[in-house]
Amino acid sequence: MAKPIAGPEIERLIQLLAKLPGLGPRSARRATLHLVKRKEQLLGPLAQAMTQALERVLICSVCGNIDTSDPCTVCCDPSRDQSLVVVVEDVSDLWALERAKALNAGYHVLGGVLSPLDGVGPDDLTIRQLVERVARGAVREVIIAVNATVEGQTTAHYLTDQLAEFDVRITRLAHGVPVGGELDYLDEGTLSAAMRARTAF
């Protein structure tokens, strides 16, 4: 076990930063050193921003996004077509779609996918809230934008079954060849999905 190289406060900062995605122990040490060297410019404002986030961040009661207001900024945006609801697994997926400016619609964050092996069932996700939202009648299309994994597809089929009784169009993201992709480098499953989802040219 490595000996501590700094006081307990700095070591604790390193340990906490190392728990962030994409940061291991070495990256956490570099980030900590950078922050400590620039206490006034970075460390102080970062600590203040984190304190404010801890006090103010909420989960939107409508869509499940995280924000400092409830309903969130996305749900309160009058320019959005809230009759289109994009269903995503996690907030990170919502943010990715927003970065892509793919569609000016509403969202619904499930909070994961169905995974019986991991003990995740329908009651562990926000499926009931989605069904209730659709039942109110303001939604005309549900776009299922879950990952193309076994669990994601199982979740998509379950959602389709749950929403079948409502007068709502259910669509999903296309799967297949990525923009800029070369056929030779794609796996068989992606190629098969692309061939099945082919469109007129």
Side-chain angles (χ1 to χ4, degrees), residues 21 53-179 187 189-190 192-200:
L54 179 64
E55 293 169 354
R56 298 180 188 169
V57 168
L58 305 164
I59 296 175
C60 177
S61 59
V62 177
C63 72
N65 188 19
I66 57 171
D67 204 336
T68 54
S69 61
D70 184 19
C72 70
T73 305
V74 171
C75 290
C76 291
D77 183 351
S79 71
R80 286 181 184 272
D81 184 354
Q82 296 291 350
S83 70
L84 295 176
V85 174
V86 182
V87 178
V88 294
E89 291 179 24
D90 194 54
V91 173
S92 61
D93 301 322
L94 186 159
W95 289 1
L97 288 170
E98 281 297 291
R99 278 195 314 272
K101 296 180 176 60
L103 192 64
N104 197 30
Y107 290 92
H108 187 88
V109 179
L110 291 172
V113 286
L114 295 173
S115 179
L117 292 176
D118 296 322
V120 180
D123 294 337
D124 299 309
L125 307 176
T126 61
I127 294 172
R128 180 181 50 79
Q129 292 89 327
L130 175 63
V131 172
E132 289 171 357
R133 192 170 169 186
V134 171
R136 289 194 284 272
V139 177
R140 65 180 168 85
E141 182 178 354
V142 173
I143 303 164
I144 300 174
V146 295
N147 292 322
T149 60
V150 172
E151 294 85 1
Q153 296 312 302
T154 301
T155 305
H157 288 298
Y158 184 84
L159 289 173
T160 303
D161 291 343
Q162 293 297 303
L163 299 173
E165 66 183 273
F166 302 105
D167 183 25
V168 63
R169 183 175 181 221
I170 301 170
T171 58
R172 69 173 191 165
L173 293 183
H175 298 127
V177 180
V179 174
D187 63 276
T190 300
S192 296
M195 196 58 76
R196 286 193 304 272
R198 64 190 183 275
T199 58

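Because the structure is predicted, anything quoted here is derived from the model rather than measured. When a residue number appears, it is its place in the shown sequence, counting from 1.
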> What residues, two or more places apart in sequence or in another chain, satisfy side-chain hydrogen bond (donor to acceptor under 3.5 Å, both in side chains) together with S69?
Replying inline: none
Tell me which donor-acceptor pairs under 3.5 Å the side chains of residues 162-173 have, and how far apart each pair is, sequence neighbours excluded?
unit_1	atom_1	unit_2	atom_2	d
T171	OG1	E141	OE2	2.8
R172	NH1	Q153	OE1	3.1

> What pairs with S115 under side-chain hydrogen bond (donor to acceptor under 3.5 Å, both in side chains), at least two apart in sequence or on another chain?
Replying inline: D118
> Sub-3.5 Å donor-acceptor pair from the side chain of D67 to the main-chain atoms of T73, do we have one?
Replying inline: yes
>> Looking at every non-hydrogen atom in both residues, tell me the closest pair between V85 and Q82 and how far apart they are.
In response: CG2-O, 3.8 Å
> Nearest 0.5 Å, what's the CD1-OH distance between I127 and Y158?
Replying inline: 5.5 Å
> Can you name the closest pair of heavy atoms from L159 and I144 and give their distance?
Replying inline: CB-CD1, 4.1 Å
> Do N65 and C75 touch side chain to side chain, with heavy atoms closer than 4.5 Å?
Replying inline: no
> Going through the distances and angles, do L114 and H157 end up as a side chain to side chain contact (heavy atoms under 4.5 Å, CB included)?
Replying inline: CA-CA 10 Å; L114 295 173; H157 288 298; over 6 Å; no
>> Please give me the minimum heavy-atom distance between V113 and T155, naming the atom from each residue.
In response: CB-OG1, 3.4 Å
>> If I compare all heavy atoms of V87 with all of V142, which pair ends up nearest, and what's the gap?
In response: CG2-CG1, 3.6 Å
>> Which residues pass the side-chain hydrogen bond (donor to acceptor under 3.5 Å, both in side chains) test with T149, not counting sequence neighbours?
In response: none
> Among pairs that include at least one residue of residues 84-113, which meet salt bridge (charged side-chain N to carboxylate O under 4.0 Å, His left out), considering only residues two or more places apart or in two chains?
Replying inline: R80-E98
> Tell me, which pairs form a salt bridge (charged side-chain N to carboxylate O under 4.0 Å, His left out) where one or both residues lie in residues 119-136, sequence neighbours left out?
Replying inline: R128-E132
> Do the non-hydrogen side-chain atoms of V62 and C72 ever get within less than 4.5 Å of each other?
Replying inline: no
>> Test of understanding: with side chain to side chain contact (heavy atoms under 4.5 Å, CB included), list the residues that count as partners of A105, not counting sequence neighbours.
In response: L84, V86, L103
> What are the two closest heavy atoms between Y107 and L97, and how far apart are they?
Replying inline: OH-CB, 3.7 Å
Side-chain donor-acceptor pairs under 3.5 Å in residues 53-60, sequence neighbours left out?
none

> Does H108 reach the main-chain N or O of T126 with its side chain, forming a donor-acceptor pair under 3.5 Å?
Replying inline: yes
>> Which residues pass the side chain to side chain contact (heavy atoms under 4.5 Å, CB included) test with S192, not counting sequence neighbours?
In response: R196
